[in-house]
Amino acid sequence: MSCHRLLPLALSMSLITACAAPASEAAALMGRDDSKPTRRVPMNQISKRSEVSAEHSWRLEDLFSDQAAWDKEYKETKELLEQASKFQGKLTSAAAIKDCFTLEDKISNHTERLYVYANMKHHQDTAEPTYQALSEKSKKLSVEAGEALSFITPEILSLSDEELKKLVDTPELAFYKMTLEEMLRQKAHVLSKGEEALLAQVGNISSAPGTVFSLLNNADLKFPKVKNDKGEEAELTHGSYIQFLESKNRGVREGAFKAVYETYGKLKNTLGATLSANVTKNMFYSRARKYPSALEMSLFGDNIDKEVYTNLIDTIHESLPLLQRYMNLRKRLLKVDELHMYDLFAPLVDEFDMKITYEEAAKTVTDALKPLGAEYLAVLQDGFDKGWIDIYENEGKRSGAYSWGAYGTHPYVLLNHKDNLNSMFTLAHEMGHAMHSYLSDTNQEYRYAQYTIFLAEVASTLNEALLMDYLLKKSTDPKEKMYLLTYYADQFRTTVFRQTMFAEFEMLIHDRAEAGESLTPQDLSKIYYDLNVKYHGTEMVVDKDIEMEWARIPHFYNSFYVYKYATGFSAATSFSKQILDEGEPAVGRYLGFLKSGGSDFSLNILKKAGVDMSSPEPIRQAMDVFKSLIEQMEELTR
């Protein structure tokens, strides 16, 4: 996921989120936590930040030439904040609203630039106190900006529907038509001033279920020691769990699997209560704001119809025989009599050593993305050559990988490159985000440049799909090809099937609660277990322990979010198939998508580009690709 910026009208700063690609298995297990730390080597083997060469560093001076330039813009932004109050109570005319929006965009853009620079400086070396302090200073400024501009939306929404509709059609506000139409769309769900104040007061209470879960899961919950590959007692943690599940020793996998779910089982009543409380919170807000359901409330912000969500689930149901066919193939390749849940992350083929330097990775990614045309490749080359990327690990550098930036300057990409296949896919992924941001920013005004989270993973995942297609076509080594096919097939399993199963679980438990039925730990476990049987089929052993997995998925406290991983992956796969099949016409549509930013609703932007997520077709196209992978794997292992 690329790291999102300040948005006008909301100014809600989403603090930077690490983005790693492809999705790590650990991330897939936990729901999908987009952060994936790089494996650290001993500190004496890596450089200090001062020793990193300029050619391996991003060029932050393209954003601010030096600290003095940052300080100057900070001072100017503080002065701009003082001007905001002059509009308070006066947003009744087109002229006043236009001037206020202009100031809002200016403040938002400055605040974004200051925040991004300060935090990227901090991420270069998190131990450096100068930039720790600058990061904190930028965060405080973003809060001040949010507070200073917080009156705008409520004040405009206090106008009558008739007054708002009149403003929408005012020529003077033509540029802001989409902003005003969106306000008008939201108006039915905005309450009176007193009611909004009351809802604001319960905000801290409503966050309690997620807070309690996080503390319980991350601080208080302790797993027992388990046997590792050497037969020694070893620590079992959230971080090490996936390593145990990837062991070639089946006893190690089973031991870790059972230990994890026995631990959660001992806390099932508490964890059941926290998840149930989160569902109750969602119901409270959906009813207070007059939405038909919690699901529809969640989808409303992106203007997504409920049918998009249910279409995904229904279409994946059609394709469950494919997943089950893959499970049978996994069983055969692992040479086991029964396939268990703890076998799903076991390696199907021996690790294939692919030593790929950064320079080789950049060249391969460039070659793989040639189907996107000369315009795309020219900008991509600028990204490689002109200081967009911070490549290697150094002491104190933030782990993982992300794409970030500020409007008006090229995007930036943070990597911690290792010379392996995963790092090459990470490079392709993050440059997909960077290219999306660059083309949106250079083709849209600030207010409409930022794309939604619903669209955020499409460009990055498409780059991975094209890279995989290129590698598979180029490979002549059956062992290498099998390694790549397994790698890609597991992405489908974890990012499409697994996330859709999570999405279905969320829908079912909310439907149950909204119908006035119970949500005991036993209810949650039965619903979750039955879904696992439905998805994985009866030819594998769906171990009873898996019924407690719902208790460890943090994304269930950010309700109805995970479906976006499956839709984004499906949309990207559909785009890649069209580009490879059609060539230039499909490339033109795709570049139009990248240049659209947030200038329209997400579904409309995708539909114009040839991917209609309101229909099952893109998901079926993705399933066709998954089927092809399985067929190739079957052919190679006959």
Side-chain angles (χ1 to χ4, degrees), residues 2 19-22 53-59 62 354-392 401-405 410-442 457-477 480-481 483-484 487-488 491 572-573 575-584 586-595:
S2 65
C19 316
S53 67
E55 66 177 311
H56 296 149
S57 304
W58 48 23
R59 212 159 60 197
D62 293 346
M354 297 179 74
K355 185 171 175 59
I356 306 164
T357 66
Y358 171 77
E359 290 73 21
E360 290 168 339
K363 184 181 185 313
T364 303
V365 168
T366 301
D367 289 342
L369 299 182
K370 281 182 179 175
L372 294 177
E375 178 187 355
Y376 187 98
L377 290 178
V379 180
L380 180 71
Q381 197 60 50
D382 280 349
F384 288 139
D385 295 342
K386 296 184 178 179
W388 291 23
I389 309 171
D390 205 78
I391 301 170
Y392 297 111
Y402 65 68
S403 170
W404 207 16
H410 62 74
Y412 289 93
V413 169
L414 179 140
L415 301 174
N416 281 276
H417 185 85
K418 307 296 180 191
D419 292 346
N420 58 29
L421 182 70
N422 186 71
S423 283
M424 182 164 69
F425 272 93
T426 298
L427 175 64
H429 182 103
E430 299 307 337
M431 289 307 288
H433 284 310
M435 290 294 296
H436 194 178
S437 296
Y438 177 87
L439 290 171
S440 287
D441 285 1
T442 52
E457 289 303 319
V458 175
S460 55
T461 309
L462 174 119
N463 277 14
E464 289 188 68
L466 292 179
L467 175 58
M468 180 59 74
D469 180 81
Y470 174 80
L471 293 173
L472 286 170
K473 285 175 178 172
K474 186 167 147 287
S475 176
T476 55
D477 184 331
E480 178 189 47
K481 195 160 192 173
Y483 181 71
L484 291 168
Y487 189 95
Y488 199 19
Q491 281 193 301
T573 307
F575 271 131
S576 67
K577 193 171 188 305
Q578 291 177 45
I579 287 165
L580 292 168
D581 290 348
E582 296 178 36
E584 194 173 323
V587 171
R589 294 194 301 270
Y590 178 67
L591 292 179
F593 159 74
L594 295 182
K595 294 173 182 178

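Between the CG atom in Leu377 and the NZ atom in Lys370 there is a gap of 7.5 Å [rounded to 0.5 Å]. Here Glu457 contributes atom CD and His436 contributes atom NE2; the two are 11.0 Å apart, rounded to the nearest 0.5 Å. Put simply, OG1 on Thr573 and CG on Asp469 are 11.5 Å apart, with the number rounded to the nearest 0.5 Å. Rounded to the nearest 0.5 angstrom, Leu591 CG and Glu375 CD are separated by 5.5 Å. Separating the CG atom in Leu380 from the OG1 atom in Thr366 is a distance of 5.0 Å, to the nearest 0.5 Å. Between the CE atom in Met435 and the OG atom in Ser460 there is a gap of 13.0 Å [rounded to 0.5 Å].
Taking the six-membered ring where tryptophan is involved, the planes of Phe575 and Phe593 are tilted, since the angle between them lies from 30° to 60°.
When atom types are taken as modelled, the side chain of Asn463 and the backbone of His429 share no donor-acceptor pair closer than 3.5 angstrom. Side-chain atoms of Ser440 come within 3.5 Å of backbone N or O of Leu594 as a donor-acceptor pair. Side-chain N or O atoms of Glu430 include none that pairs as donor or acceptor with a backbone N or O of Val413 at under 3.5 Å.
Side-chain contact of Glu464 with Thr461: a donor-acceptor pair under 3.5 Å is absent, judged by distance alone. Counting only N and O atoms by type, the side chains of His56 and Ser53 include a donor and acceptor under 3.5 Å apart. Side-chain atoms of Ser423 and Asn420 include a donor-acceptor pair closer than 3.5 Å.
Minimum interatomic distance between Leu484 and Met468 (heavy atoms only, all atoms of both residues): O-CE, 3.5 Å. Of all heavy-atom pairs spanning His410 and Lys386, the tightest one is NE2-O, 4.1 Å. Taking both residues in full, the closest heavy atoms of Ile356 and Ala361 are given as CG2-N, 3.6 Å, listed atom of the first, atom of the second, then distance. What you find for Ser576 and Leu462 is that their closest heavy atoms are N-CD1, 3.4 Å. Gly432 and Ala459 make their closest contact through O-CB, 3.5 Å (heavy atoms, listed as atom of the first residue, atom of the second, distance). Closest non-hydrogen pair, Arg59 versus Tyr412, comes out as O-OH, 2.7 Å.
Outside the 6.0 Å centre-distance limit, the rings of Tyr376 and Tyr590 are not counted as a close aromatic pair. His433 has its ring centre no less than 6.0 Å from the ring centre of Tyr402.
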Self-check item: Worked check of side chain to side chain contact (heavy atoms under 4.5 Å, CB included) between His417 and Met424
Solution: CA-CA 8 Å; His417 185 85; Met424 182 164 69; 5.6 Å; no

Quiz item: Could you walk me through whether Glu55 and Ile391 pass the side chain to side chain contact (heavy atoms under 4.5 Å, CB included) check?
Solution: CA-CA 9 Å; Glu55 66 177 311; Ile391 301 170; over 6 Å; no

Exercise. Could you please spell out the steps behind the side chain to side chain contact (heavy atoms under 4.5 Å, CB included) verdict for Val379 and Thr442?
Key: CA-CA 11 Å; Val379 180; Thr442 52; over 6 Å; no

Quiz prompt | Full working for side chain to side chain contact (heavy atoms under 4.5 Å, CB included) between Asp390 and Asn416 | solution = CA-CA 8 Å; Asp390 205 78; Asn416 281 276; over 6 Å; no

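Within a 6.0 Å radius of CD in Glu584, no more than 12 heavy atoms belonging to other residues, nucleotides or ligands are found.
Annotation: side chain of Tyr470 is not in contact with side chain of Val365 (no heavy-atom distance under 4.5 Å). Within the 4.5 Å cutoff, no side-chain heavy atoms of Asp477 are placed close to those of Tyr483. Here the side chains of Leu369 and Leu372 are in contact, with some heavy-atom distance below 4.5 Å.
Between Asp367 and Lys363 there is a salt bridge, since at least one side-chain N of the basic residue sits less than 4.0 Å from a carboxylate O of the acidic one. In summary, Lys355 and Glu360 do not engage in a salt bridge, as defined by a charged side-chain N under 4.0 Å from a carboxylate O. Ion pairing of Lys474 with Glu480 is absent here, as no side-chain N (NZ or NE/NH1/NH2) approaches a carboxylate O to less than 4.0 Å.
The side chain to side chain contact (heavy atoms under 4.5 Å, CB included) test with Leu471 is passed by exactly one of Tyr488, Phe425, Tyr487: Phe425. The ring-ring contact (aromatic ring centres under 6.0 Å, His included) test with Trp388 is passed by exactly one of Trp404, Tyr438, Trp58: Tyr438.
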